[in-house]
Asker: 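Take this structure first; my questions come after.
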Amino acid sequence: MMRIMETGTVVIGTGPGGATVARELAKKGEGVVLLEKGKTRDWSVGNPLAYAAMYDIRRSKQGILVRRGITPGGSTMIYSGNAYDPPAFLKEEWGIDLDAEVRETKKELGIKPVPESFYQHHPGTRRLVAAAGELGYAMTPQARFIDASRCDPHCDKCLFGCKKEAKWTARSYVADAVALGALLVAGCDVRRILHARGKVQGVQAETDHGPLTVHANRVVLAAGGMGTPEILHRSEVEGAGTHFFTDPMSVLVGEMREGPGTYREITYTFADESRKGEFVFGNVGALNAFIAQMAAKNFSFLPRGAHMKKLAGMFVKLCDEPSGEIRKDGSFHKALTPKDEALMSQGIASAKAVMIQAGVRPETLTVAKGIGGHPGGTAAIGRVVGTDLQTDIENLYICDNSIMPLSGGIPPVLTLIALAKQFARGLSKNPKA
């Protein structure tokens, strides 16, 4: 049986963009229905079962992997918790100044590097940091969405979710929105945005309980860099799906000659940003580095899992060109361009040099290449939306990483929270149909 609902605003997606918008609108007393494709599945939080329960892992025809979270909270459930300021081009080229919202969010969520005491018993990571310094690099502590008072410095399970709730996730903003009167519908696959005569009318979706239609005067699409263009294609909204970037990452792992590696040491806590805008590189815990090899099908490395405590890992994250595409038939196309390949090779060479300097045996080094974690660009400002985030369909807005015109090459969560706060606070109350 078809269910029919009515509300003021439908928000599609519960990642940092969607959850923040829903929370801000609910604070203003507006009617909000929040639709999430994924299910909660708390049983998988904090262990590798998260890969089966919360991850959507897809591989392009050209071999690029993209990992994203399909669950309430979106990819924040499975991110590392790193926080970077917005890329400069948002302000310089598009006039989007998020400084105030960034300061507010950092204070609200306590964003800062985890304390130095966390690293006192991380010998592998400290060796990598020291080796980088010896080679002229500067791997510095990274600001994070982490409450150090709750965090176990030997856990390193951020990418599986956090049982201790030490890592901020967008689920907390979803909970705030629901407490303020928003309605969350999980397990809800939005199939189409309804619009006529240039104005939005609502959405059609499929749920475990059958079809659902939600009539609304405003729709905010925040399904992410891959989900958003898929919904726009099905809704016959033109222009979406091109200029796709993924911030692809290469993960290196090797075995220390002597002494411990980075087993049970926190991933992504230090990074060299001297070439930010091209690539950054930093440390990875041994288990995460090993899992990355398996995801990339580097199965020849599998026997070294028996020496997990001696393994050490590093990452190289690329600021890639927006050369991919999410097509109308649902296929996903993404390859590294020659420029991307050249920059990635330079980053890998730097990371290898650091690892060898730290004591990794060169013959054991293996690289999992092209693992993307920040899909975006597919409904960008200047192509699909204006700087007000509205599409050509009146009262249809987009607020997720798909609106970014270029890759920043850095985690976008802080940017998306700040952007969503500014956007939602600027919306007029209860738009007319």
Side-chain angles (χ1 to χ4, degrees), residues 11 13-24 26-27 34 36 38 40-42 44-47 50 54-55 67-86 98 100-115 118 141-153 155-180 182 184 186 222 224 247 266-271 285 288 373-374 399-401 408 410-424:
V11 179
T14 60
T20 305
V21 169
R23 180 181 187 242
E24 292 296 325
K27 282 182 180 179
L34 189 53
E36 167 56 48
T40 303
R41 292 172 171 163
D42 283 335
S44 70
V45 174
N47 62 69
M54 295 192 293
Y55 274 84
R67 303 184 296 182
R68 57 181 184 151
I70 305 296
T71 185
S75 292
T76 65
M77 288 300 296
I78 56 172
Y79 77 147
S80 63
N82 287 54
Y84 278 78
D85 288 348
L98 301 175
E101 291 79 11
V102 166
R103 287 194 298 271
E104 173 194 320
T105 303
K106 286 181 176 179
K107 182 177 180 180
E108 174 192 351
L109 300 180
I111 295 171
K112 56 188 175 184
V114 292
F118 273 49
Q142 301 295 288
R144 306 194 75 178
F145 290 85
I146 301 290
D147 180 349
S149 68
R150 296 184 177 188
C151 183
D152 176 357
C155 172
D156 197 30
K157 294 179 181 177
C158 287
L159 300 181
F160 307 151
C162 181
K163 285 187 180 296
K164 296 178 178 291
E165 297 184 354
K167 180 184 73 172
W168 178 87
T169 74
R171 279 193 185 180
S172 68
Y173 277 10
V174 171
D176 290 345
V178 170
L180 290 164
L184 171 65
D247 294 354
I266 303 175
T267 294
Y268 307 149
T269 45
F270 288 84
N288 285 315
H374 309 143
C399 190
D400 59 29
N401 207 40
I410 51 177
V413 174
L414 179 56
T415 298
L416 295 177
I417 294 171
L419 179 70
K421 285 182 174 181
Q422 185 178 97
F423 161 71

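One-based numbering along the sequence shown.
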Asker: Taking the side chain from N82 and the backbone from Q142, do they hold a donor-acceptor pair closer than 3.5 Å?
Answerer: no
Asker: Quick one: are N401 and H374 in side-chain contact, heavy atoms under 4.5 Å?
Answerer: yes
Asker: Considering all heavy atoms of both residues, which atom of A420 and which atom of P16 are nearest to each other, and what is their separation?
Answerer: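 So the minimum-distance heavy-atom pair works out to CB-O, 4.4 Å.
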Asker: Is there a side-chain contact between K164 and C151 (heavy atoms, below 4.5 Å)?
Answerer: no
Asker: Does the D247 side chain pair with the main chain of G373, one donor and one acceptor, at a distance under 3.5 Å?
Answerer: no
Asker: K421 and side chain to side chain donor-acceptor pair (under 3.5 Å): which partner among E108, E101, E24?
Answerer: E108
Asker: Against the six-membered ring of Y173, is R23 placed for a cation-pi contact (under 6.0 Å from the centre, within 45° of the normal)?
Answerer: yes
Asker: For the NZ atom on K112, are there more than 12 heavy atoms of other groups (residues, nucleotides or ligands in this structure) within a distance under 6.0 Å?
Answerer: no
Asker: Are there more than 12 heavy atoms of other residues, nucleotides or ligands under 6.0 Å from atom NZ of K163?
Answerer: yes
Asker: Show the nearest heavy-atom pair for residues T76 and W168, with the distance to one decimal.
Answerer: CG2-CZ3, 4.1 Å
Asker: Within the distance-only criterion (no hydrogens, no angle test), does the side chain of S75 pair as donor or acceptor with the backbone N or O of G69 below 3.5 angstrom?
Answerer: yes
Asker: Is it true that atom NZ of K167 has more than 12 heavy atoms of other residues, nucleotides or ligands lying nearer than 6.0 Å?
Answerer: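 More than 12 within 6.0 Å, yes.
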Asker: Taking C-beta and beyond as the side chain, do T105 and L414 meet within less than 4.5 Å on heavy atoms?
Answerer: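 Heavy-atom side-chain distance check passes, below 4.5 Å.
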Asker: Does E165 CD have over 12 foreign heavy atoms under 6.0 Å away?
Answerer: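 No - once you tally the heavy atoms of other residues, nucleotides and ligands closer than 6.0 Å, there are 12 at most.
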Asker: Over all heavy atoms of both residues, which pair between A143 and I111 is shortest? Give the atoms and the distance, please.
Answerer: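 Minimum heavy-atom separation between A143 and I111: CB-CG2, 4.1 Å.
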Asker: Carefully, step by step, assess C158 and I146 under the rule side-chain contact (heavy atoms from CB on, under 4.5 Å).
Answerer: CA-CA 10 Å; C158 287; I146 301 290; 4.3 Å; yes
Asker: Are side-chain heavy atoms of T14 and R171 found at a separation under 4.5 Å?
Answerer: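 Result no, sub-4.5 Å side-chain heavy-atom pair not found.
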Asker: Checking R144 against T269 for the side-chain contact (heavy atoms from CB on, under 4.5 Å) test, could you report, in this order, the C-alpha distance in whole Å, the side-chain angles of both residues, the deciding distance, and whether it holds?
Answerer: CA-CA 8 Å; R144 306 194 75 178; T269 45; 3.2 Å; yes
Asker: Please check if the side chain of T20 supplies one atom and the backbone of I417 the other of a donor-acceptor pair under 3.5 Å.
Answerer: no
Asker: What distance separates Y55 OH from I78 CD1, expressed to the nearest 0.5 Å?
Answerer: 4.0 Å
Asker: Check this for me: does any side-chain nitrogen of one of K106 and D85 sit under 4.0 Å from a carboxylate oxygen of the other?
Answerer: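 Looking at D85 together with K106, the answer is yes, because their closest N to O distance falls below 4.0 Å.
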Asker: What heavy-atom pair brings C162 and V45 nearest, and what distance separates the two atoms?
Answerer: N-CG1, 3.5 Å
Asker: Working to the nearest 0.5 Å, report the span between CG of N288 and NZ of K157.
Answerer: 11.0 Å
Asker: Mind listing the closest non-hydrogen atom pair of C399 and V21 along with its distance?
Answerer: SG-CG2, 4.0 Å
Asker: Can you give me the closest heavy-atom contact between A83 and F145, atom names plus distance?
Answerer: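 Shortest heavy-atom contact: CB-CE1, 3.3 Å.
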Asker: Among D42, L34, T40, T169, which residue meets the side-chain contact (heavy atoms from CB on, under 4.5 Å) test with P72?
Answerer: T40
